[in-house]
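For reference, the structure is listed below as structure tokens.
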Amino acid sequence: TQADYLLWRLEQFVDKRDLVPARILDVGCGSGALTEEIAENYGTARLVGIDRSAAQIQKAKRDHDHPQVSYEIADIVEYAPEKQFDIVLSNSTMHWIQEQDRAYANIFSRLNAGGILAVHQGGKGCYAELHEAAQRAYEELGLEEYFRDFQFPLVYYKKEEMVRLLENHGFEPLKIDVMESEQTDTLVDDFAEASLLSYKKRLSSEAERQAFVQQYKEYAREYDQIDTTRIY
């Protein structure tokens, strides 16, 4: 649903500018499912999907064989392709990058004049209750020593912070939407599979990790409402 909204927003500005993109970059393409969908939407464009994960790129190459799409192992902070792009798109990836200024400066340098950047990521406050549940879990289990200098790696912005970041690197923010996403029935478990990885890496044994996840889920399910703020 989030990806569909991002693509709909992108299409509005592509139409408004009568842009016929020749090259599109998908940052954090993962397994390539969205990249292939973009290729179907823009039939004349060549697409490049990049991801830091060699396993994800391997999966994308194995599962997809679209003639317009190629996949590369690359980090957007340092990515230096031979050709520029008309569109750079990223779904649920940019908030994982610690070097935000370098990443957005590099994206700007890879766009043709008049090109479009379309990003979806978590907004300020996203999943705050689930992070609270994780903290309660490791404190309940007496595991605080592992988290004394812990800082969760995601970077979330308020709207005005996002505007300032983009303008600082030469972009003209045409539209920024901040909204709540649907709170799915699987959200607590999905968070455990993805975001809790950063917590679990701090723990020293599998027994500790399993106990932590179980305790987190008990606390997380106490919340009737969970902040799901997203920014586009």
Report task. Step by step, work out the side chain to side chain contact (heavy atoms under 4.5 Å, CB included) result for N41 and L10. Result -> CA-CA 11 Å; N41 289 353; L10 171 62; over 6 Å; no
Does any non-hydrogen side-chain atom of [Y] lie less than 4.5 Å from one of [X]?
X	Y	result
L166	I176	yes
R52	W96	no
D177	R9	yes
M94	Y104	yes
L34	L89	yes
Y157	Q100	yes
E132	Q135	no
F108	V88	no

Contact summary for [X] and [Y], nearest pair of heavy atoms:
X	Y	value
P81	R110	CD-CD, 3.6 Å
C29	Y71	SG-CD2, 3.8 Å
E72	Y79	OE1-CE1, 3.4 Å
P21	Y42	CG-CD2, 3.8 Å
A103	V77	CB-CG2, 4.1 Å
R17	L174	NH2-CD1, 3.3 Å

Between atom [atom1] of [X] and atom [atom2] of [Y], what is the distance when rounded to the nearest 0.5 Å?
X	Y	atom1	atom2	result
D26	I38	CG	CD1	4.5 Å
S53	D75	OG	CG	12.0 Å
N91	Q121	CG	CD	10.5 Å
I231	H95	CD1	NE2	12.0 Å
T44	Q68	OG1	CD	7.5 Å
D224	E222	CG	CD	10.0 Å

Around [X], counting heavy atoms of other residues, nucleotides and ligands shown, do more than 12 lie under 6.0 Å from its [atom1]?
X	atom1	result
E161	CD	yes
D65	CG	no
Q151	CD	no
Q214	CD	no
R62	CZ	yes

Requested in this report: Using the six-membered ring wherever Trp is involved, compare the ring planes of F150 and Y199 and label them parallel, tilted or perpendicular (cut-offs 30° and 60°).
Outcome: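 Answer is tilted, since the angle falls between 30° and 60°.
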Report task. Mind telling me whether Y232 and H120 have parallel, tilted or perpendicular rings, with 30° and 60° as the class edges? Result ->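 The rings of H120 and Y232 lie parallel, inter-plane angle below 30°.
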Exam field: side chain [X] to backbone [Y], donor-acceptor pair closer than 3.5 Å:
X	Y	answer
R102	E78	no
Q56	G32	no
S205	E208	yes
Q183	I226	yes
D51	G30	yes
R164	K159	no

Is it true that [X] and [Y] fall in one hydrophobic cluster, defined by side-chain heavy atoms closer than 4.5 Å?
X	Y	value
F85	V119	yes
F147	L141	yes
V27	I24	no
L6	V178	no
V155	I107	yes

**Report entry** Members besides V20 in its Ile/Leu/Val/Met/Phe/Trp/Tyr cluster (side-chain heavy atoms under 4.5 Å)
**Finding:** none
**Report entry** Test log, rule side-chain hydrogen bond (donor to acceptor under 3.5 Å, both in side chains), inputs T229 and E180
**Finding:** CA-CA 4 Å; T229 301; E180 292 273 326; 3.0 Å; yes
Report task. Could you please spell out the steps behind the side-chain hydrogen bond (donor to acceptor under 3.5 Å, both in side chains) verdict for T1 and E182? Result -> CA-CA 9 Å; T1 303; E182 180 184 359; 5.3 Å; no
Query raised in the report: What do the steps show when you test L196 against F212 for side chain to side chain contact (heavy atoms under 4.5 Å, CB included), and what is the final call?
Result: CA-CA 10 Å; L196 276 197; F212 167 67; 4.0 Å; yes
Query - Steps toward salt bridge (Lys or Arg N to Asp or Glu O under 4.0 Å) verdict (R221, D189) - result: CA-CA 10 Å; R221 291 193 171 106; D189 292 331; 2.8 Å; yes
Query raised in the report: Between H131 and F152, is the ring centre distance below 6.0 Å?
Result: yes
Query raised in the report: Would you say the ring centroid of Y146 lies under 6.0 angstrom from that of Y138?
Result: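 No, the ring of Y146 stays outside the 6.0 Å limit from the ring of Y138, centre to centre.
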Please determine whether a side-chain nitrogen of the Lys or Arg among [X] and [Y] lies less than 4.0 Å from a carboxylate oxygen of the Asp or Glu.
X	Y	answer
E139	R136	no
K124	D227	no
D149	R202	yes

Requested in this report: Might you work through the side chain to side chain contact (heavy atoms under 4.5 Å, CB included) test for L165 and D101, ending with a clear yes or no?
Outcome: CA-CA 8 Å; L165 174 70; D101 285 304; 3.6 Å; yes
Requested in this report: Using the side-chain contact (heavy atoms from CB on, under 4.5 Å) rule, pick out the option among L111, I116, V163 that qualifies with F171.
Outcome: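 When L111, I116, V163 are each tested with F171, the side-chain contact (heavy atoms from CB on, under 4.5 Å) holds only for L111.
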